[in-house]
**Student:** 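My structure is below; once you've seen it, I'll send some questions.
Reminder, nothing fancy here: chain letters follow the sequence lines and each chain counts from 1.
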Number of protein chains: 2
Amino acid sequence: MGYTIGQVAGRMGLTAHTLRYYDKEGLLPSMRKSSSGLRVFTEEDIEWLIIIECLKGCGMHLKDIKHYIDMCLQGDATISERLELFKKQKERLEEQMAQLKKHMEKVDYKIALYTEALKKGSIDSARRNQYLASEKERIFGSEIKSITRP
Amino acid sequence: MGYTIGQVAGRMGLTAHTLRYYDKEGLLPSMRKSSSGLRVFTEEDIEWLIIIECLKGCGMHLKDIKHYIDMCLQGDATISERLELFKKQKERLEEQMAQLKKHMEKVDYKIALYTEALKKGSIDSARRNQYLASEKERIFGSEIKSITRP
DNA sequence: ACAAACATTAGAGTTTACTTTAGGTTAAAC
DNA sequence: GTTTAACCTAAAGTAAACTCTAATGTTTGT
């Protein structure tokens, strides 16, 4: 009673290759093989896969997922550690979110600039040079005097 | 009159390796070398670096940055294409943002679950099994009947 | 004039999460 | 009973953006 790797792959939206890879990486602790060496997926394996998908859905790396699985196998003693893991993950996500927002601001600025340029037919080089000058000032301080273009 | 690779690297917060890599990838179109083969960074090179940093700050891949630089070199004729590039980048960022928000929701759920578990000393296996069951239903439909754990 | 600090190159290595390939074994269908 | 579809392993390949190595060359300071 069980599923073949192909059946599970199809159902889970993964490839058989990926499932073998997960197995090799120790993400499927309940995996068993038939006498002839074929993987037989049971309910338990599928549950682990669902957990893996959930954690991937948290943006977690496979290494951390592996660590989580190992902790699960150790039982309730690791609950606080598992909570910590998710808290750290939340921090990571928040950082990424902040980063994305900064990126978005820059992109919006560029879109505004180029939308304007498209109207005029050429980019506003005064504005462009002003940006470069201020960045140079920020990065090089007073080391650079000339900020004009050759 | 110019800067050495080490000076620029230090000032820009990059390594000399990275600058050589950028040069090799064609991201520094104005790079010149001294008679003895050493890179001499001019104002213009630094301006390109500032532009590269800005675009990296938009979350853009180096390949797209290279493309952008090539378009800049072609002048005002490419303005509308450059605008398109940033609009596409904005879409990409919005997608990533949506993804991150989904991740965050899942992580928050896990934190709630484990915070509760920590209080009780063990995880709520009824709740856990309910989640697994609903996911299995979603993924496998009616194919799986038994949803209990061995 | 010579050492220390800094530069050069080509090319190999790193990371993550797969994906592909090659060469074979097993199971299902007819 | 044979073809074919699906499976196996081990190992190499991929992408991005560096990062490092080794062997060598150049510049600067004393």
Side-chain angles (χ1 to χ4, degrees), chain A residues 1-28 31-42 45 48-49 51-69 89 92-93 96 99-100 103, chain B residues 1-28 31-42 45 48-49 51-69 88-89 92-93 95-96 99-100 103:
Chain A
M1 280 308 74
Y3 304 88
T4 67
I5 197 168
Q7 288 171 331
V8 176
R11 241 63 257 297
M12 297 290 297
L14 300 165
T15 70
H17 291 300
T18 303
L19 292 179
R20 278 185 215 110
Y21 171 68
Y22 285 176
D23 186 19
K24 204 178 63 179
E25 295 298 305
L27 299 176
L28 298 170
M31 264 305 302
R32 295 287 175 270
K33 290 182 182 179
S34 74
S35 54
S36 50
L38 302 195
R39 286 180 184 79
V40 180
F41 282 75
T42 63
D45 299 313
W48 281 118
L49 277 174
I51 289 165
I52 290 166
E53 287 300 284
C54 173
L55 297 184
K56 280 207 295 179
C58 295
M60 268 171 71
H61 293 311
L62 294 195
K63 253 186 196 170
D64 294 330
I65 295 176
K66 161 84 169 121
H67 184 208
Y68 174 81
I69 288 171
Q89 185 59 26
R92 237 175 273 156
L93 290 178
Q96 285 173 35
Q99 198 66 42
L100 263 189
H103 293 174
Chain B
M1 278 309 72
Y3 304 89
T4 66
I5 199 169
Q7 289 171 331
V8 175
R11 241 64 254 299
M12 298 289 297
L14 300 164
T15 70
H17 291 301
T18 303
L19 292 178
R20 278 184 215 110
Y21 172 68
Y22 285 176
D23 186 19
K24 205 177 62 181
E25 295 299 303
L27 299 176
L28 297 170
M31 264 306 299
R32 295 289 174 270
K33 289 182 183 177
S34 73
S35 54
S36 51
L38 302 197
R39 285 179 185 79
V40 180
F41 284 74
T42 63
D45 298 312
W48 281 118
L49 278 174
I51 290 165
I52 290 165
E53 287 300 283
C54 173
L55 298 184
K56 279 206 296 179
C58 294
M60 269 171 69
H61 293 310
L62 294 194
K63 256 186 192 168
D64 294 330
I65 295 176
K66 161 86 169 122
H67 185 207
Y68 174 81
I69 288 170
K88 232 174 234 154
Q89 186 58 27
R92 237 175 273 157
L93 290 179
E95 235 172 76
Q96 286 174 35
Q99 199 66 41
L100 263 189
H103 292 173

**Student:** For C:dT19, does OP1 or OP2 lie under 4.0 Å from any side-chain N or O of A:T18?
**Tutor:** yes
**Student:** Rounding to an integer number of Å, can you tell me how far B:E53 CD sits from D:dC18 C1'?
**Tutor:** 13 Å
**Student:** Using a cut-off of 4.0 Å on non-hydrogen atoms, how would the nucleic acid contact of A:K24 be classed: base, sugar-phosphate, or nothing?
**Tutor:** nothing
**Student:** Can you tell me which nucleotide in C:dT8, C:dC18, C:dA27 comes closest to the side chain of A:L62?
**Tutor:** C:dC18
**Student:** What's the CG-C1' distance between B:L49 and D:dA17, to the nearest Å?
**Tutor:** 15 Å
**Student:** Check the phosphate of D:dT26 against B:R39, side-chain N and O only, distance under 4.0 Å to OP1 or OP2. Yes or no?
**Tutor:** no
**Student:** Check this one for me: any side-chain N or O of B:S36 less than 4.0 Å away from OP1 or OP2 of C:dA7?
**Tutor:** no
**Student:** Return the nearest nucleotide to the side chain of B:H61; candidates are C:dT26, D:dT27, D:dA16.
**Tutor:** D:dA16
**Student:** Measure from the side-chain heavy atoms of B:Y21 and tell me the nearest of D:dT19, D:dT27, C:dC18.
**Tutor:** D:dT19
**Student:** Looking only at side-chain N and O atoms, does B:K33 come under 4.0 Å of OP1 or OP2 in C:dT8?
**Tutor:** no
**Student:** Let me know the distance between CG of B:L38 and P of D:dG25, rounded to the nearest Å.
**Tutor:** 13 Å
**Student:** Can you tell me how far P of D:dA6 sits from CG of A:L19, to the nearest Å?
**Tutor:** 15 Å
**Student:** Considering residues, nucleotides and ligands other than B:K56, do more than 12 of their heavy atoms fall under 6.0 Å from its NZ?
**Tutor:** yes
**Student:** Atom CD in A:Q89, atom CG in A:L55: separation rounded to 0.5 Å?
**Tutor:** 9.0 Å
**Student:** Can you name the closest pair of heavy atoms from A:L27 and A:I52 and give their distance?
**Tutor:** O-CD1, 3.3 Å
**Student:** Return the value, rounded to whole Å, for the distance between atom CD of B:E25 and atom C1' of C:dG11.
**Tutor:** 14 Å
**Student:** Between C1' on D:dT9 and NE2 on A:H17, what's the gap in Å once rounded to a whole number?
**Tutor:** 12 Å
**Student:** Is the shortest side-chain N to carboxylate O distance from B:R92 to B:E95 below 4.0 Å?
**Tutor:** no
**Student:** Counting heavy atoms from C-beta on, name the nucleotide in C:dT20, D:dA17, C:dT16 closest to the side chain of A:K63.
**Tutor:** C:dT16
**Student:** Assuming nearest nucleotide by heavy-atom distance, tell me which of A:T4 and B:S35 is located more 5' along DNA chain D.
**Tutor:** A:T4
**Student:** Looking only at side-chain atoms of A:R20, point me to the closest of D:dT21, C:dT9, D:dC8.
**Tutor:** D:dC8
**Student:** Taking the minimum atom-to-atom distance to the side chain of A:T15, which one of D:dA17, C:dT19, D:dT19 wins?
**Tutor:** C:dT19
**Student:** Could you give the CD1-to-C1' distance, from B:I5 to D:dC18, as a whole number of Å?
**Tutor:** 14 Å
**Student:** So, A:Q96 side chain and B:L100 main chain: donor-acceptor pair closer than 3.5 Å or not?
**Tutor:** no
**Student:** Quickly work out the B:K56 NZ to D:dA17 C1' distance and round it to whole Å.
**Tutor:** 9 Å
